[in-house]
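Here is the naming used below: chain letters follow the sequence lines, and residue numbers restart at 1 for every chain. Computation of the quantities below employed the complete heavy-atom set of this structure, encompassing side-chain atoms and omitting hydrogens, waters and symmetry-equivalent molecules.
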There are 2 protein chains.
Amino acid sequence: MTTINDIAKMAEVSRTTVSRALNNSGYVSEDVRKRIMKIVEETGYMPSQSAKSLRTKRSGVVGVILPRLSTETSSRVVRGINDFLAKQGYQILLTDTELDSDKEIDYIRLLKSRHVDGIILLATNVNDRLLKAIHDADIPFLSIGQELPGITSLVYDDYHAASDLTNMLIHKGHEKIGFIGVTKEDPAVGQLRSKAYKDTMEKRGLPVKDHWIGEGDFSIESGYEQMKRILKNSLSDVPTAVFAVTDRMAIGAIEYLKEQGYRIPEDMAVVGIGASAMSKYLTPSLTTVDYFNEEVGKKAGSLLLDKINNKKVEKKFELTYRLILRDSV
Amino acid sequence: MTTINDIAKMAEVSRTTVSRALNNSGYVSEDVRKRIMKIVEETGYMPSQSAKSLRTKRSGVVGVILPRLSTETSSRVVRGINDFLAKQGYQILLTDTELDSDKEIDYIRLLKSRHVDGIILLATNVNDRLLKAIHDADIPFLSIGQELPGITSLVYDDYHAASDLTNMLIHKGHEKIGFIGVTKEDPAVGQLRSKAYKDTMEKRGLPVKDHWIGEGDFSIESGYEQMKRILKNSLSDVPTAVFAVTDRMAIGAIEYLKEQGYRIPEDMAVVGIGASAMSKYLTPSLTTVDYFNEEVGKKAGSLLLDKINNKKVEKKFELTYRLILRDSV
DNA sequence: TTAAATTGTGTAATCGATTACACATCACTC
DNA sequence: GAGTGATGTGTAATCGATTACACAATTTAA
């Protein structure tokens with residue numbers, strides 16, 4: 001590896017001058033600058049980031065903690081983050097908790113030890129240990145998808161999105177509406193969306209029966225299983241519509257319904273949330289909610305950069321969403 | 001930030017000893033070790049990776065260069081890589097070329113300057129400048145999906161997969177088979193799959209008409225457009241089956257065919273490659289080829305680690321695939 | 001009993017950059 | 001022509017770890 005010292009020797013100057021030329025700091029005569037740059041070009045020299053960041057405490061890397069790589073939501077958000085940050089010369093250090101919430105904490109500490117300039121967390125569960133870890137890290141931090149007290153959060157408007165969907169179903173004449181949710185440990189997806197569904201049903205004077213409700217785990221298979229359970233348990237009191245809190249679970253539900261000979265939407269309307277790429281190409285195409293994941297990622301990147309540069313940043317950002325009405329309703 | 005010096009002071013030993021205790025190198029008495037570990041626990045100290053990697057030339061980070069984040073193939077491969085490497089204490093530094101092949105070269109150098117221990121590249125185009133950049137980097141390197149001369153490559157058996165698909169269609173009685181490919185600059189997807197299709201047709205004594213052939217750009221939309229073109233240009237000589245080299249383009253093609261009132265597979269059979277998650281849930285479900293992307297990622301992680309640890313590694317690995325016969329044929 | 005080997009710890013150099021400080025030169029200003 | 005500010009360059013400290021080398025104490029071997 002060529003180092004700054006090699007360049008300095010070749011250019012017959014001190015490494016200080018080389019550093020200045022490279023970083024446009026301090027004065028360097030045009031002559032010397034050219035001489036240095038020429039050698040840099042020729043040798044393909046790149047400064048060691050380890051040395052640089054050891055000295056400057058900046059790495060040009062931001063850490064991203066995901067619950068699960070290779071879900072569409074995650075990868076779209078990451079893409080947005082990267083879109084923005086790559087242009088600013090930042091790279092992303094990726095970590096995947098595989099839905100293990102202890103790992104979130106481990107990774108915060110690990111990323112910190114790697115001198116990342118900031119961290120973006122796509123949280124699932126929220127608990128005190130996590131919050132403490134974030135505060136202890138004392139580093140520009142951003143949460144996407146969950147509101148973390150005291151921490152800048154980009155949150156989807158889960159409540160209103162779910163409420164809009166429910167209202168839309170009611171408006172279409174549905175009175176018995178099933179619901180496939182997820183664990184309450186996930187405040188955003190598990191609690192808010194479920195609460196919105198129940199509140200809305202109540203507000204419109206409609207009953208919510210226990211046997212209309214299932215709890216999946218985000219997977220397509222769990223959507224399938226929960227739909228099966230709901231049909232089994234409902235017997236003579238079968239819903240005419242079902243609201244799955246994610247597209248994937250909606251897809252699973254549709255799969256089971258089709259197997260059982262249900263026509264969609266005639267016999268059963270189905271809606272999801274997420275606007276996954278495939279939702280458009282299903283038969284029938286799926287009614288869902290678009291959360292603009294890429295945009296959110298970009299915004300997150302931009303806000304994190306502001307924080308890194310000590311700009312004032314608000315604590316909470318409520319994101320927009322868009323209902324996409326398609327043929328499954 | 002607490003440093004090794006702080007820990008040393010608190011434990012009343014030299015930082016050498018702290019380092020030894022943390023890395024299990026050299027001798028440390030049980031007494032002292034416990035004392036140090038206790039303090040490390042309490043303070044939550046983590047060694048600075050910048051300092052560490054400056055000194056040791058190892059970072060515990062591997063660079064991954066993707067053509068496009070948020071395609072399913074990419075994210076599944078990355079997931080596999082991460083699956084394996086995270087367990088070994090490595091993190092992934094992610095870069096996305098956005099299909100700009102110059103960036104591949106830039107990123108190789110950038111990753112090198114970040115002291116990554118190795119690089120995995122999901123290449124699209126292959127050219128001499130890229131090969132030179134890889135050799136200059138002189139760092140454990142792995143290519144997935146394209147065979148790069150002189151560089152360890154994990155390659156899909158694109159030729160036989162495509163040939164199998166074509167044969168399967170012929171076997172089902174199709175004689176006029178359309179083809180939606182991509183640019184020849186992509187040796188694997190653009191050349192091999194196309195060559196296999198043509199070779200197979202020829203071998204079976206079937207004609208290949210120019211107007212049956214389209215060239216898309218991997219996107220769903222391009223599949224749609226190319227299908228439209230093929231139908232327009234074929235007029236009285238319309239194929240009875242179409243082979244799209246990716247699932248996404250197959251989905252686009254199906255979309256257009258449905259709009260035009262074609263029944264699938266009765267009026268037109270469609271196949272893709274990739275076994276995307278959604279392929280199973282389309283109506284009709286899509287016949288495709290599974291490349292086991294996660295497994296490939298894992299294997300890549302494992303091989304790269306071998307290279308990092310100076311183990312001998314073969315130059316070329318041919319990967320397996322699996323035909324998934326579904327209802328679109 | 002003494003030499004050799006093992007165990008335990010510290011001193012100081014080192015990795016490759018940045019940067020505070022010092023110093024020299026040069027051009028202006030009054 | 002002395003003082004002042006701008007320009008250009010170098011010396012050396014520094015960031016936080018690892019590690020070669022030295023040395024002392026203790027154990028083992030002969």
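With respect to B/Asp136 and B/Lys112, no salt bridge is recorded, no charged nitrogen being found less than 4.0 Å from a carboxylate O. Using a 4.0 Å cut-off between a side-chain N of Lys or Arg and a carboxylate O of Asp or Glu, B/Arg76 and B/Glu72 qualify as a salt bridge.
OP1 or OP2 of C/dT7 has at least one side-chain nitrogen or oxygen of B/Tyr27 nearer than 4.0 Å.
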Nucleotides 3-5 of chain D: which of its N/O atoms have a protein N/O under 3.5 Å away?
none

So which protein N/O to nucleotides 17-19 of chain D N/O distances come out below 3.5 Å?
{"unit_1": "D/dA17", "atom_1": "OP1", "unit_2": "B/Tyr45", "atom_2": "OH", "d": "2.8"}
{"unit_1": "D/dA17", "atom_1": "OP1", "unit_2": "B/Ser48", "atom_2": "N", "d": "2.7"}
{"unit_1": "D/dA17", "atom_1": "OP2", "unit_2": "B/Ile4", "atom_2": "N", "d": "2.1"}
{"unit_1": "D/dA17", "atom_1": "O5'", "unit_2": "B/Tyr45", "atom_2": "OH", "d": "3.3"}
{"unit_1": "D/dT18", "atom_1": "OP1", "unit_2": "B/Asn23", "atom_2": "OD1", "d": "3.4"}
{"unit_1": "D/dT18", "atom_1": "OP1", "unit_2": "B/Asn23", "atom_2": "ND2", "d": "2.9"}
{"unit_1": "D/dT18", "atom_1": "OP2", "unit_2": "B/Ser19", "atom_2": "OG", "d": "2.4"}
{"unit_1": "D/dT18", "atom_1": "OP2", "unit_2": "B/Asn23", "atom_2": "ND2", "d": "3.3"}
{"unit_1": "D/dT18", "atom_1": "O2", "unit_2": "B/Arg55", "atom_2": "NH1", "d": "2.1"}
{"unit_1": "D/dT18", "atom_1": "O4", "unit_2": "B/Arg15", "atom_2": "NE", "d": "3.2"}
{"unit_1": "D/dT19", "atom_1": "O4", "unit_2": "B/Thr16", "atom_2": "OG1", "d": "3.2"}

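Between the A/Thr43 side chain and the A/Ile39 main chain, a donor and an acceptor come within less than 3.5 Å of each other. With hydrogens and angles disregarded, no donor-acceptor distance shorter than 3.5 Å links the side chain of B/Asn293 to the backbone of B/Val77.
The number of heavy atoms from other shown groups lying within 6.0 Å of NZ (A/Lys184) is above 12. Annotation for B/Lys315: atom NZ counts as buried by contact number, over 12 foreign heavy atoms lying within 6.0 Å. Counting heavy-atom neighbours within 6.0 Å of A/Glu41 CD, excluding the residue itself, gives a total of 12 or less. Atom NZ of B/Lys9 is surrounded by 12 or fewer heavy atoms from other residues, nucleotides or ligands within 6.0 Å. Heavy-atom neighbours of A/Lys132 NZ from other residues, nucleotides or ligands within 6.0 Å: at or below the threshold of 12.
Positionally, the nearest nucleotide of DNA chain C for B/Val32 lies more toward the 5' end than for the other of B/Val32 and B/Leu54.
Counting to the nearest Å, the P atom of D/dG8 and the CZ atom of A/Arg35 are 13 Å from each other. Following rounding to the nearest Å, B/Arg58 (CZ) and D/dG16 (P) show an atom-to-atom distance of 24 Å. Straight-line distance from the CD atom of B/Glu30 to the C1' atom of C/dT7: 13 Å, rounded to whole Å. In this structure, CD of B/Glu12 is placed 15 Å from C1' of C/dG10, rounded to the nearest angstrom.
Contact between A/Pro149 and A/His135 at its shortest, heavy atoms only, is O-CE1, 4.3 Å.
Side-chain contact between A/Thr95 and A/Leu111: present, with at least one pair of heavy atoms (C-beta onward) separated by less than 4.5 Å.
When the C1' atoms of four end pairs are superposed on the next four at each end of the helix from C/dT1-D/dA30 to C/dC30-D/dG1, using five pairs per end, the two resulting axes differ in direction by 40°, to 10°.
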